[in-house]
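This report concerns only the one structure given below.
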Amino acid sequence: MTDPSTVFALKDIRRTYKVGSELVHAIDGLDLTIRDREFIAVIGTSGSGKSTLMHTLGFMESPTEGQMAFEGEDVSSISRSQRAHLRATRIGFIFQSFNLLAKLTVLDNVLLPLVYSRQKVSNKKELGMNALERVGMEHRATHRPSQLSGGERQRVAIARSLINKPRLILADEPTGNLDTKNRGRIMDLFGSLLDEGITLALVTHDDEVAQYAKRRIRMQDGKIVEDTAQ
């Protein structure tokens, strides 16, 4: 579990919730290795465990049981503050609903992860503009989210996910609110991120979107039932 080419290594991971008097096994004995610069699509029906897996990879939840290593370090039972630090500095997030703050400009939205991580950065504006240039949105830096199309908002959300130079980007149904044309553009953009040393994992219920990924993982009842590489 110390291979530098391994971003995540999960062994016999379980995530159990208590709902009333019953135990729900959202993740049930899952093994998964994610390597550097992989593009993975996690697919499955509602309740299959794919969202819980993404929350675990994003350090939003801790496993109930099992071993989990990130960049070679055991993170199975790290503290809440340690999870928050990794979440803020090593993981990028992209959401279906974009999660842009309406009162902030495009540039200020992109810079938010730097604010949350409390990093002392002298050239924040330059970093933000560089991130916007990478997604072709630098000309919209002073606009508000309400002035953008759905595809433009998602490109801003991608720029925001890049600002901390993450090792891994997690995307939760990132094309769910986009038309076919913009969906294709966003997926092509995701593909280009791999060349920059970024590993990408997305959750989707759309098999067409999943086809863009080099590796597809299908979940059912908290388990991986299919792991296919193109």
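Position 1 is the first residue of the sequence, and the numbers go up from there.
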Legend entry - Residue pair F59, F8: steps toward the ring-ring contact (aromatic ring centres under 6.0 Å, His included) verdict: CA-CA 12 Å; F59 298 107; F8 262 110; 5.7 Å; yes

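- To the nearest 0.5 Å, atom CG of residue L170 and atom OG1 of residue T199 are 10.0 Å apart.
- Atom CZ of residue R167 and atom CD1 of residue I34 lie 11.0 Å apart, to the nearest 0.5 angstrom.
- Using a cutoff of 4.0 Å between basic side-chain nitrogens and carboxylate oxygens, D206 and R183 are scored as salt-bridged.
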Legend entry - Candidate pair S62 and R83, rule side chain to side chain donor-acceptor pair (under 3.5 Å), full reasoning: CA-CA 9 Å; S62 292; R83 293 202 312 271; 3.0 Å; yes

Inset, instruction - Please report the C-alpha distance between V106 and E152 in whole Å, then the side-chain angles of each, then the deciding distance to 0.1 Å, and finally whether the side-chain contact (heavy atoms from CB on, under 4.5 Å) criterion is met. - result: CA-CA 10 Å; V106 162; E152 288 175 326; over 6 Å; no

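- Using a 3.5 Å distance cut-off with no hydrogens or angles, the side chains of S97 and N99 do pair a donor with an acceptor.
- When only modelled atom types and interatomic distance are considered, R15 and T56 share no side-chain donor-acceptor pair under 3.5 Å.
- Checked by atom type, the side-chain pair E61/Y17 shows a donor-acceptor distance below 3.5 Å.
- Hydrophobic clustering (ILVMFWY, side-chain heavy atoms < 4.5 Å, transitive): L30 and I43 are in distinct clusters.
- Salt bridge annotation for R216-E226: absent, with no cationic side-chain nitrogen under 4.0 angstrom from a carboxylate oxygen.
- In this structure, K214 does not pair ionically with E38, as no charged nitrogen and carboxylate oxygen lie closer than 4.0 Å.
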